Amino acid sequence: FSVLRETPMTSAISIQFQKAKMLHIFLFVRQGMKHIRRMRGMAEKSGPCVVEVIMFDFGGVIAEEGFKNGLRTIALKNGLNPEAFVREGFDLVHRTGYVTGRSDEKVYWQTLREKTGLQGDEESLRKDILVHFAIRPWMIHVVKRLKERGQRLVILSDQTNWLDELDTTYHFSRWFD
């Protein structure tokens, strides 16, 4: 795991399983509650731990990995090598700045077309991606149980504007703060 940010009041810990569908679980823990400090090889306990927020990734956690599966489908429809196309699609979503909001979807698709010979209009390509984000019912069950217990839950995702489009179909945002 890697520590993202540490302040006097909170620590953000990110556990990343990059090879396992990019599962990201972030726990925000109030500092000063239960934690263990290692000082000269000795552990010191200092009270109970409170989980303030649980953050979930969307693709690969709340839903199936729609981006990867959608790219694979698009490659097959275009007679392209699926593995190479998926790698290029992931690379370009970052290099074009689409995933971080520095460019729009149109720039992403145009660049992917130029690099791979991809055919198809943006609306069709978007649909091929979005249809593969199938909500995992067992995860929604987990989210509902946590919410019923009063836990604060949020989605932290790189699905850009697609997350809003997916929410209009699946209505998952009602379970998150």
Side-chain angles (χ1 to χ4, degrees), residues 1-2 4 12-27 53-147 151 153-177:
F1 69 90
S2 60
L4 294 180
I13 301 169
S14 167
I15 303 168
Q16 299 182 10
F17 301 97
Q18 301 224 349
K19 302 269 180 182
K21 298 183 181 179
M22 300 292 289
L23 174 62
H24 299 271
I25 302 173
F26 295 82
L27 299 176
V53 177
I54 300 175
M55 300 175 108
F56 294 87
D57 193 3
F58 185 76
V61 178
I62 299 298
E64 296 299 323
E65 184 54 72
F67 186 58
K68 181 177 183 180
N69 296 335
L71 287 174
R72 185 173 285 118
T73 296
I74 291 168
L76 292 171
K77 284 182 177 182
N78 280 267
L80 301 169
N81 177 305
E83 289 77 24
F85 186 77
V86 167
R87 277 192 307 275
E88 190 70 28
F90 270 93
D91 182 52
L92 290 176
V93 79
H94 292 280
R95 281 198 339 212
T96 62
Y98 179 48
V99 77
T100 58
R102 291 189 328 242
S103 71
D104 61 16
E105 186 177 356
K106 183 177 185 129
V107 170
Y108 171 69
W109 290 122
Q110 184 58 39
T111 306
L112 192 57
R113 280 190 199 93
E114 291 168 4
K115 296 282 187 184
T116 65
L118 172 65
Q119 300 295 309
D121 63 279
E122 289 156 30
E123 184 64 28
S124 298
L125 296 170
R126 179 187 309 105
K127 284 181 182 178
D128 281 339
I129 298 289
L130 297 183
V131 73
H132 285 87
F133 283 103
I135 298 293
R136 293 175 170 166
W138 63 271
M139 276 303 298
I140 295 300
H141 176 73
V142 168
V143 167
K144 286 178 181 178
R145 299 267 325 254
L146 289 167
K147 193 66 175 170
Q151 184 65 55
L153 309 171
V154 298
I155 294 177
L156 182 65
S157 181
D158 60 0
Q159 301 310 321
T160 65
N161 57 298
W162 293 342
L163 194 61
D164 291 331
E165 291 182 45
L166 290 162
D167 189 43
T168 62
T169 302
Y170 297 115
H171 311 288
F172 52 82
S173 66
R174 65 183 170 210
W175 298 106
F176 297 90
D177 296 304

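Predicted model, so just to flag it, every value in this text is computed and none were measured.
- To the nearest 0.5 Å, atoms OG (Ser173) and CG (Leu163) are separated by 8.5 Å.
- Counting all heavy atoms, side chain and backbone alike, Trp175 lies closest to Leu153 at O-CD1, 3.8 Å.
- Closest heavy-atom contact between Phe133 and Glu64: CD2-O, 3.5 Å.
- Proximity of Leu71 to His132: side-chain heavy atoms (C-beta onward) are nowhere separated by under 4.5 Å.
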Table please: side-chain donor-acceptor pairs of residues 86-95 below 3.5 Å, with sequence neighbours left out.
from, atom 1, to, atom 2, distance (Å)
Asp91, OD2, Arg95, NH1, 2.8

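- The distance between the ring centers of Phe172 and Phe58 falls below 6.0 angstrom.
- Looking at heavy atoms from C-beta onward, Phe85 lies in side-chain contact with Leu112 at the 4.5 angstrom threshold.
- Within the structure, salt bridge (charged side-chain N to carboxylate O under 4.0 Å, His left out) contacts touching residues 72-86 (residues at least two apart or in different chains) are Lys77-Asp128.
- Scanning both residues, Val154 and Val53, for their nearest heavy atoms gives CG2-CG1, 3.7 Å.
- A pairwise comparison of heavy atoms in Thr96 and Ser103 identifies O-OG, 2.8 Å as the closest pair.
- Atoms CG and CG, on Asp57 and Leu156 in that order, are 7.0 Å from each other to the nearest 0.5 Å.
- Proximity of Ile62 to Tyr170: side-chain heavy atoms (C-beta onward) are nowhere separated by under 4.5 Å.
- You'll find the side chain of Thr168 stays beyond 4.5 Å of the side chain of Asp164, heavy atoms only.
- What you find for Gln119 and Leu125 is that their closest heavy atoms are O-CD2, 3.9 Å.
- Note: Ile129 CD1 to Ile74 CD1 = 4.0 Å, rounded to the nearest 0.5 Å.
- For residues 97-120, the salt bridge (charged side-chain N to carboxylate O under 4.0 Å, His left out) pairs, not counting sequence neighbours, are Glu105-Arg126.
- With ring centers used as reference points, Tyr98 lies under 6.0 Å from Trp162.
- Contact between Ala75 and Pro82 at its shortest, heavy atoms only, is CB-CA, 3.7 Å.
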